[in-house]
Amino acid sequence: MDKERKPTVFESRVYEAVSQIPSGKISTYRDIARVLSIASPRAVGQALRRNPFAPQVPCHRVVCADGKIGGFFGESAGALIEAKKRMLREEGVIFHEDRVDLQRCLHSWH
DNA sequence: AGATTGACTAACC
DNA sequence: AGGTTAGCCAATC
């Protein structure tokens, strides 16, 4: 069993930002990184990858900068990706095949 | 403390 | 157009 480490300030910031995304909207690693004043979206992925707050954080609303679904579920769960896509679509997110309508569903960070 | 990775992105070939 | 390289930041080993 993995011991849950205490989230760092950086991670907490990521979780907070992601949890701020309302239903029907999404965001990209790049955008989140940008809001967090980070130059590396990888660091964001790192935080989400650890995701100590599992379903509490809508990490499924976070996609690649291209609108493509990130690998948060991994290739082993490709089918789940479609399920998430369908779920997001029901939330109001416009999907185009394997991509998301960033210009339409991108969350406004004000 | 140093080296590697990691759910990325963008640029280069 | 598609594959590869490089850059980036933070966490983990």
Side-chain angles (χ1 to χ4, degrees):
Chain A
M1 297 290 278
D2 294 74
K3 290 198 298 190
E4 304 199 356
R5 296 130 187 139
K6 299 190 298 184
T8 65
V9 182
F10 174 72
E11 291 182 336
S12 298
R13 228 190 270 166
V14 177
Y15 305 139
E16 185 177 3
V18 174
S19 82
Q20 278 177 38
I21 305 176
S23 295
K25 289 214 170 174
I26 55 160
S27 186
T28 67
Y29 294 101
R30 193 170 175 283
D31 264 21
I32 295 170
R34 189 173 195 166
V35 172
L36 300 178
S37 305
I38 303 167
S40 299
R42 295 195 98 181
V44 179
Q46 276 289 352
L48 292 176
R49 181 199 190 243
R50 297 284 153 204
N51 201 358
F53 297 96
Q56 187 175 156
V57 177
C59 33
H60 59 267
R61 288 189 191 137
V62 184
V63 296
C64 294
D66 286 335
K68 191 80 192 297
I69 304 298
F72 39 82
F73 299 101
E75 314 135 1
S76 310
L80 294 201
I81 300 255
E82 296 185 32
K84 300 294 180 186
K85 282 163 49 184
R86 194 163 55 240
M87 178 173 71
L88 288 170
R89 187 183 293 178
E90 286 194 47
E91 291 190 1
V93 179
I94 311 299
F95 267 86
H96 292 296
E97 297 301 328
D98 294 25
R99 302 253 273 214
V100 194
D101 201 324
L102 297 174
Q103 301 174 78
R104 208 161 161 70
C105 306
L106 236 198
H107 173 60
S108 305
W109 297 104
H110 199 252

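A, B, ... follow the sequence lines: proteins, then strands. Residue 1 opens every chain.
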Rounding to a whole Å, what distance do you find between A/D66:CG and C/dA1:P? 14 Å
To the nearest angstrom, the NZ-C1' distance between A/K68 and C/dG2 comes to 14 Å
Starting at CD of A/E11 and ending at P of B/dG6, how long is that distance when rounded to a whole Å? 16 Å
Starting at atom CZ of A/R99, determine the distance to atom P of B/dT9, rounded to an integer number of angstrom. 11 Å
Can any side-chain N or O of A/E90 pair as donor or acceptor with the backbone N or O of A/M87 at less than 3.5 Å? no
Gap between atoms CG and C1', on A/D31 and B/dT9 respectively (whole Å): 12 Å
Which residue lies more 5' along DNA chain C, comparing A/V9 with A/A39 via nearest heavy atoms: A/A39
Please give, in whole Å, the distance from B/dC8 P to A/L102 CG? 15 Å
Closest to the A/S40 side chain: B/dC8, C/dA11, C/dC9? C/dC9
Scan the side chains in residues 36-44 of chain A for donor-acceptor partners under 3.5 Å anywhere in the protein, sequence neighbours excluded, and list what turns up.
none

Distance check: side-chain N/O of A/R30 vs OP1/OP2 of B/dA10, anything under 4.0 Å? yes
Taking the nucleotide of DNA chain C with the nearest heavy atom to each, does A/R42 or A/R49 sit closer to the 5' end? A/R42
The nucleotide from B/dT9, C/dC9, C/dT12 with an atom nearest the side chain of A/T28 is B/dT9
Side-chain atoms of A/Y29 come closest, of B/dG6, C/dC9, B/dC8, to B/dC8
Here the distance between atom P of C/dA10 and atom OH of A/Y15, to the nearest Å, is 14 Å
Check the phosphate of C/dA11 against A/T8, side-chain N and O only, distance under 4.0 Å to OP1 or OP2. Yes or no? yes
Per nearest nucleotide of DNA chain B, the residue lying toward the 5' end, A/A43 or A/A65, is A/A43
Calculate the interatomic distance between A/I32 atom CD1 and C/dA10 atom P; express it in whole Å. 16 Å
Main-chain N/O of A/E97 paired to A/K85 side chain as donor or acceptor, under 3.5 Å: yes
With hydrophobic residues grouped by side-chain heavy-atom distances under 4.5 Å, do A/L106 and A/I94 end up in a single group? no
Under the rule for salt bridge (charged side-chain N to carboxylate O under 4.0 Å, His left out), what residues qualify as partners of A/E91, not counting sequence neighbours? A/R61
Return the nearest nucleotide to the side chain of A/P41; candidates are C/dA11, B/dG6, B/dT9. B/dT9
